[in-house]
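As C-alpha cells, the structure follows; a few thoughts come after it.
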Amino acid sequence: VRVMKKVVMTGCPRSGTTALCTVLSHDPRVFISNEVGNFSYGKDNFGDRVKYALSKEYVSWMLDNKNISQDDFLDKVSGSRQEYCSIIHNEYQQEVVGDKLPGYIECLLDIYRENPDAYYIITLRSVQHFVTSSNNHFAAGKRKIWTFETIDEAQKYWVEQNSNLIVDVGQMIPQGAKLILIRYEDIGPNIDQTIKRISDFLGYEIKVHNPRGGFEPPHRPIRKFTPSSQAQFLMDILGY
C-alpha cells in the first residue's frame with residue numbers, strides 16, 4: 001500500500017523555498033507545487049489559484065516533467081482545496097505531495113491543526129542574506145511585500161517573519177509535529193547532505209539524477225552591516 005507523505009513547505013520570503021522544492025521535485029515521485037495555496041486560509045477561489053499557479057514557469061515545468069496534462073490537472077484538482085494532495089497522490093501516483101508558500105508562515109499553527117499528519121519543511125536564511133536579496137530586488141523595481149529600500153526596513157520584516165515562525169513552531173513541537181529546518185546556505189554547497197536529511201525525515205529516499213537538482217545559487221556580494229539586537233537574538237536561536 002502506497003502511503004502519501006504530505007508536505008507543507010514554508011519560510012520567510014527569499015529563504016529558499018522555491019529552490020528547495022525545485023530540487024526535490026526532480027524526483028519522479030515528488031510533487032511539491034509552487035504557491036498553489038491549498039493549505040492556506042485565504043478567501044481566494046481555489047480554482048483561480050490553481051490557474052494562477054499554472055501560469056508560472058515552475059509548475060508548468062513540473063507537470064511536463066511528470067507527463068501530466070495541464071488541462072487534466074486543472075480539471076482534477078481545482079475543485080477541492082482539502083483533497084488537493086490526495087488527488088495528486090491517487091491520480092498521478094506521486095508519493096511525496098505538497099505545496100510551498102512563504103505565506104504559510106502567517107497561519108502555520110492553523111495549518112498544522114488542519115493537517116497534523118503533514119511533514120513541515122521550513123527554510124531559514126540569515127538576516128544578511130535576506131536584507132541583500134530584499135534590497136537588490138527593490139532596486140531592480142520588483143515592488144513586492146518583502147522588498148525594502150533600506151536595511152532597517154528589511155531587518156524589521158525578517159524579525160517579524162521569523163518571530164512568528166518560532167512562536168508557532170514552539171507550540172507545534174510538543175504536540176508531536178513532524179518538523180525539519182533547512183538553511184538556504186545548505187541548499188547549494190551541501191545539497192547532497194540536505195537531500196539525505198530530508199529523505200531520512202520523510203522516510204522516503206529522494207532520488208535526484210542531477211546532483212544539484214538544477215539549482216546553482218547566485219554568488220552576489222552580501223551587504224555588510226551590524227544586525228539589530230533583535231535580529232542577532234533570532235540569529236542565535238536559529239543557529240547562525
Side-chain angles (χ1 to χ4, degrees), residues 7-24 32 34-35 37 39-42 56 58 99-112 120-173 177 179-191 193-194 197-198 215-240:
V7 170
V8 178
M9 185 182 292
T10 191
C12 180
R14 308 307 300 166
S15 64
T17 53
T18 299
L20 185 58
C21 75
T22 301
V23 170
L24 300 182
I32 302 176
N34 188 334
E35 304 188 4
F39 296 113
S40 72
Y41 283 72
K56 297 182 178 181
Y58 168 77
D99 187 55
K100 82 90 179 172
L101 180 64
Y104 290 149
I105 207 173
E106 303 285 349
C107 53
L108 190 59
L109 198 55
D110 287 333
I111 291 173
Y112 171 66
Y120 291 82
I121 300 176
I122 297 171
T123 59
L124 306 172
R125 196 176 190 183
S126 72
V127 68
Q128 292 93 340
H129 280 86
F130 172 79
V131 168
T132 299
S133 179
S134 173
N135 290 170
N136 287 344
H137 279 74
F138 184 92
K142 299 180 180 180
R143 302 295 194 267
K144 296 180 179 292
I145 60 171
W146 48 262
T147 64
F148 301 95
E149 184 175 13
T150 70
I151 289 174
D152 288 344
E153 290 174 315
Q155 278 204 92
K156 182 179 179 182
Y157 181 80
W158 184 92
V159 167
E160 290 173 350
Q161 291 286 296
N162 285 286
S163 295
N164 291 337
L165 172 65
I166 289 172
V167 169
D168 283 355
V169 166
Q171 296 183 65
M172 292 166 63
I173 289 174
L179 289 154
I180 189 171
L181 303 178
I182 302 295
R183 294 175 17 144
Y184 175 91
E185 294 81 3
D186 291 331
I187 298 175
N190 299 318
I191 188 60
Q193 181 181 351
T194 298
R197 281 190 63 211
I198 296 174
F215 175 67
E216 290 290 343
H219 298 285
R220 300 190 180 101
I222 301 303
R223 297 203 63 173
K224 296 186 181 301
F225 61 91
T226 301
S228 67
S229 58
Q230 296 90 343
Q232 187 59 60
F233 181 78
L234 287 175
M235 289 269 283
D236 293 342
I237 291 176
L238 298 174
Y240 281 94

Please say whether the positively charged group of Arg183, taken as NZ for Lys or CZ for Arg, lies over the ring of Tyr240, i.e. under 6.0 angstrom from the six-membered ring centre and within 45 degrees of the axis.
yes
Check: Leu181 main-chain N/O paired with Arg197 side-chain donor or acceptor under 3.5 Å
yes
Which is it for Arg14 and Trp158 under the side chain to side chain contact (heavy atoms under 4.5 Å, CB included) test, yes or no, and what are the steps along the way?
CA-CA 10 Å; Arg14 308 307 300 166; Trp158 184 92; over 6 Å; no
Side chains of Gln230 and Gln155: does their closest heavy-atom pair fall under 4.5 Å?
no
Kindly say whether Val159 contributes a backbone atom to a donor-acceptor pair with the side chain of Ser163 at under 3.5 angstrom?
yes
Tell me, do Glu185 and His129 make a side-chain contact under 4.5 Å, heavy atoms counted?
yes
Quick one, Leu108 and Ile122 - any side-chain contact, counting heavy atoms below 4.5 Å?
yes
Counting only heavy atoms not in Glu149, do more than 12 sit closer than 6.0 Å to its CD atom?
no
Flag the pair Thr17 / Leu101 as yes when at least one side-chain heavy-atom distance between them is below 4.5 Å, and no otherwise.
no
Under a 3.5 Å distance rule, please check whether Glu106 uses its side chain to pair with a backbone N or O of Gly103 as donor and acceptor.
no
Which atom pair, heavy atoms only, marks the closest approach of Ile187 to Gly16?
CD1-O, 3.7 Å
Output yes when a side-chain donor or acceptor of Thr10 lies under 3.5 Å from a complementary backbone atom of Ile105, and no otherwise.
yes
Would one find more than 12 heavy atoms of other residues, nucleotides or ligands at under 6.0 Å from atom NZ of Lys156?
no
According to the interplanar angle, ranging from 0 to 90°, do the rings of Tyr157 and Phe148 count as parallel (below 30°), tilted (30 to 60°) or perpendicular (above 60°)?
tilted
Taking atom OG1 of Thr132 and atom CD of Gln128, what is their separation to the nearest 0.5 Å?
8.0 Å
Distance in Å, Leu20 CG paired with Ile182 CD1, rounded so as to fall on 0.5 Å steps:
6.5 Å
Is the shortest heavy-atom distance from the side chain of Phe39 to the side chain of Asp99 under 4.5 Å?
yes
Criterion side chain to side chain contact (heavy atoms under 4.5 Å, CB included) on Tyr58 and Thr22, from CA distance to verdict:
CA-CA 8 Å; Tyr58 168 77; Thr22 301; 3.3 Å; yes
Looking at residues at least two apart in the chain, or sitting in another chain, which of them share a salt bridge (charged side-chain N to carboxylate O under 4.0 Å, His left out) with Asp152?
none
Tell me whether the guanidinium CZ or amine NZ of Arg125 lies under 6.0 angstrom from the six-membered ring centre of Tyr184 and within 45° of its axis.
yes
Distance check, rounded to the nearest 0.5 Å: Ser134 atom OG versus Ile145 atom CD1?
11.0 Å
Could you walk me through whether His137 and Lys144 pass the side chain to side chain contact (heavy atoms under 4.5 Å, CB included) test, one step at a time?
CA-CA 9 Å; His137 279 74; Lys144 296 180 179 292; over 6 Å; no
Trp146 and side-chain contact (heavy atoms from CB on, under 4.5 Å): which partner among Ser15, Pro102, Pro13?
Pro13
Can you find a side-chain donor-acceptor pair between Glu160 and Asn164 that sits under 3.5 Å?
no
Evaluate the side-chain proximity of Leu124 to Asn162: yes if any heavy-atom separation is below 4.5 Å, no if none is.
yes
Do Val169 and Tyr120 have side chains that approach each other closer than 4.5 Å (heavy atoms only, starting at C-beta)?
no
Once rounded to the nearest 0.5 Å, what's the spacing between atom OG1 of Thr123 and atom CG of Asp186?
12.0 Å
Do Leu24 and Met9 have side chains that get closer than 4.5 Å, going by heavy atoms?
yes
Where is the tightest heavy-atom contact between Cys21 and Ile32, given as atom of each residue plus distance?
CB-CG2, 3.7 Å
Out of curiosity, Ile166 CD1 to Gln161 CD, how far, rounded to the nearest 0.5 Å?
12.0 Å
Working to the nearest 0.5 angstrom, can you tell me the gap between Asp168 CG and Tyr104 OH?
15.0 Å
